[in-house]
Number of protein chains: 2
Amino acid sequence: MSPLSSGLLGDLDPTSDRAVFRQIADQLREAIDRGRFREGEKLPSEADLVEHYGVSRMTVRNSFSILQGEGLVHAEHGKGVFVRPRPPVRRLASDRFARRHREQGKSAFIVEADTVGSHPQVDSLEVKEEKASQDISTRLGSVRRVLARRRRYLLDGRPVEFATSYLPLDIARGTQIAEPNPGPGGIYARLEELGHRLDHFEEEIRARMPSPAEVKTLRLASGVPVIHLIRTAFDTEGRAVEVCDTVMAADAYVLSYQLPAT
Amino acid sequence: MSPLSSGLLGDLDPTSDRAVFRQIADQLREAIDRGRFREGEKLPSEADLVEHYGVSRMTVRNSFSILQGEGLVHAEHGKGVFVRPRPPVRRLASDRFARRHREQGKSAFIVEADTVGSHPQVDSLEVKEEKASQDISTRLGSVRRVLARRRRYLLDGRPVEFATSYLPLDIARGTQIAEPNPGPGGIYARLEELGHRLDHFEEEIRARMPSPAEVKTLRLASGVPVIHLIRTAFDTEGRAVEVCDTVMAADAYVLSYQLPAT
DNA sequence: CTTGCCCACTCGTCTATACGAGTATGCCTG
DNA sequence: CAGGCATACTCGTATAGACGAGTGGGCAAG
């Protein structure tokens, strides 16, 4: 069926030294880029393309695997290969941790999601004391053990972010920060109540392909990188009072910063 | 040869419902993570693994292709498959465009590279007037045509970044900004001389897999995402005077921002 | 000793085939 | 009509084989 209406895809160039499966991938990519296949639309089946191009099935599958690696398409077993829809992105402003935003009570994630009409969830909460990794210890100023607060964020049921906050035990132990629910304004509000007035944050941003564990936790499609953000919060005495390690699905976020030119 | 000293890799679990090629990928990944194979080291050849696991070659190749997609290994035709070395990263501070840095004369890229002892190059310079894309036009405040300054940055011979600056013609035309070499302090220094005192920057950050063109320009290995940064410069009158669109090899950069907590 | 060729080893590409498993549809049965 | 099953279509996994092409070492000829 679906005899692959001619015109959508061209022919192969046997004289080209570009591999056949790359040529096929090129044609599909171009067709997608030009909007010949729309978001969420089904591409021709493997069998269709086998027939159209007169190649073997493995060759077609190789083409698909290229496009999957580029994050352009995704395959669904028993259904077909589809143009991957670009989910709406969440824009994170750099002032989201400004003090004035903490006064509202709700967490930044919840507030932001509500304002754009999405349904936010927080999930797999875990609060425990543990040994600090080398990296965390360095960032917090040579602490051995820390309080770790782990949680996963979902938007409309889709996991988009997994974050762990690390705090020195001498600050957090026995306070509400060590409770699953840190109360209105989150842990930053509690830190300030404890006398650690926040001065500034440092954020480090990397992008890379996810580990298998991250693929699982964030239910990532293939070809979707992660943004790895490490934020350190400093109080007015220059002490690092929290390190927050966040892994985000890169197709769900745009980070936004505002910098002075002085 | 190289009978694949037993112990490095385990056996398959035929009762597992995890696909064989995934199990092989898992074992290789774990061996790499544990340092059994070091950076740059050669993995067992396809033939070795075919023999070791008693599977067909395509199955082994599937395993390798998973690891390639994760950016863990890279194949070299005629030589073997190697653990991908992590190149040293360039750390970009958020104050790199501060006015005091402009006074030195040299561009931020050159200065930063020199301080870490790397050999910087700038390349494929192109300066021309062109039609503004929809996005650029919006960001610059509905301009139709712009001056575009394109250039590629290399570090020790490796391309790491490709950037295009867009400026409104009414500002840039006929000035030194329209020259290939914009002079000491770069275009920001020229903008200020022209009366556009810079007030602040906005930066938007995304991460995604590269397009084929980007793979080529940045000579990206498979499994390496790009960081896409769009910076808009505003003068003290609130006008957007430049938009800089930058695509960076994600394995070459860590972005760093400092934010006030107020 | 040097040059050049051959060969072994490596990954790259492609074919052909087989079976398994998830999905959707429609028909058949109760 | 409702439920369940058969079937066709989809992608997933795996095998076996073939040829091509890049690399590097060793051997042979000059």
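Because the structure is a prediction, the values reported are computed rather than measured. Letters go in sequence order (proteins before strands), and every chain restarts at 1.
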Q. Would A:Asn62 and A:Ile66 count as a side-chain contact (heavy atoms from CB on, under 4.5 Å) if you check the C-alpha gap in whole Å, the side-chain angles of each, and the deciding distance to 0.1 Å?
A. CA-CA 6 Å; A:Asn62 264 340; A:Ile66 290 183; 5.9 Å; no
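- Summary of helix geometry: the two end axes of the helix from C:dC1-D:dG30 to C:dG30-D:dC1, each defined by five base pairs via their C1' atoms, are inclined to each other by 20° (rounded to 10°).
- Atoms CD (A:Glu51) and P (D:dC9) sit 12 Å apart, rounded to a whole Å.
- For the segment residues 210-225 of chain A, no residue has any heavy atom less than 4.0 angstrom from an atom of DNA chain C.
- One atom, CG of A:Asp48, and another, P of D:dA8, lie 17 Å apart when rounded to the nearest Å.
- The nearest pair of heavy atoms linking A:Gly71 to A:Arg84 is O-NE, 3.0 Å.
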Q.
Apply salt bridge (charged side-chain N to carboxylate O under 4.0 Å, His left out) to residues A:Arg139 and A:Asp245 and explain how you reach the verdict.
A. CA-CA 11 Å; A:Arg139 291 177 192 270; A:Asp245 183 296; over 6 Å; no
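- The aromatic rings of B:Tyr257 and A:Tyr257 sit parallel, their planes meeting at an angle under 30°, below the 60° perpendicular limit.
- Listed nucleotides D:dT10, C:dT13, C:dT10 differ in distance to A:Lys42; the shortest reach to its side chain belongs to D:dT10.
- For D:dT13, the OP1/OP2 oxygens have no side-chain nitrogen or oxygen of B:Arg18 closer than 4.0 Å.
- Rounded to whole Å, atom P of C:dT15 lies 14 Å from atom CD of A:Glu46.
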Could you write out each protein N or O paired with an N or O of nucleotides 22-26 of chain C at a distance under 3.5 Å?
from	atom 1	to	atom 2	distance (Å)
C:dG22	N2	A:Gly78	O	3.1

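- With contacts defined as side-chain heavy-atom distances shorter than 4.5 Å, the pair A:Leu67/A:Arg29 qualifies.
- Looking at the side chain of B:Ala19, the nearest of the listed nucleotides D:dA14, C:dC11, D:dT10 is D:dA14.
- Distance alone, capped at 3.5 Å, places no donor-acceptor pair between the A:Glu46 side chain and the A:Val81 backbone.
- For A:Ala148, the side-chain contact (heavy atoms from CB on, under 4.5 Å) test picks out A:Glu130, A:Arg150, A:Thr164, A:Tyr166, with sequence neighbours left out.
- Within residues 24-32 of chain A, no residue is approached by DNA chain D to less than 4.0 Å at the level of any non-hydrogen atom.
- To the nearest 0.5 Å, atom OH of residue A:Tyr153 and atom CD of residue A:Gln121 are 13.0 Å apart.
- For the pair A:Tyr53 OH and C:dC14 P, the interatomic distance rounds to 13 Å; values are reported in whole Å.
- Taking the side chain of B:Ala75 as heavy atoms from C-beta on, and the options C:dC11, C:dC14, D:dC11, the nearest nucleotide is C:dC11.
- Contacts with DNA chain D (heavy atom under 4.0 Å) in residues 56-65 of chain B: B:Ser56, B:Arg57, B:Met58, B:Thr59, listed by number.
- Across every non-hydrogen atom of B:Val73 and B:Phe64, the tightest pair is CG2-O, 4.2 Å.
- Listed pair B:Ser45 / C:dT10 meets the phosphate criterion, a side-chain N or O lying under 4.0 Å from OP1 or OP2.
- A donor-acceptor pair under 3.5 Å is formed between the side chain of B:Arg151 and the backbone N or O of B:Arg149.
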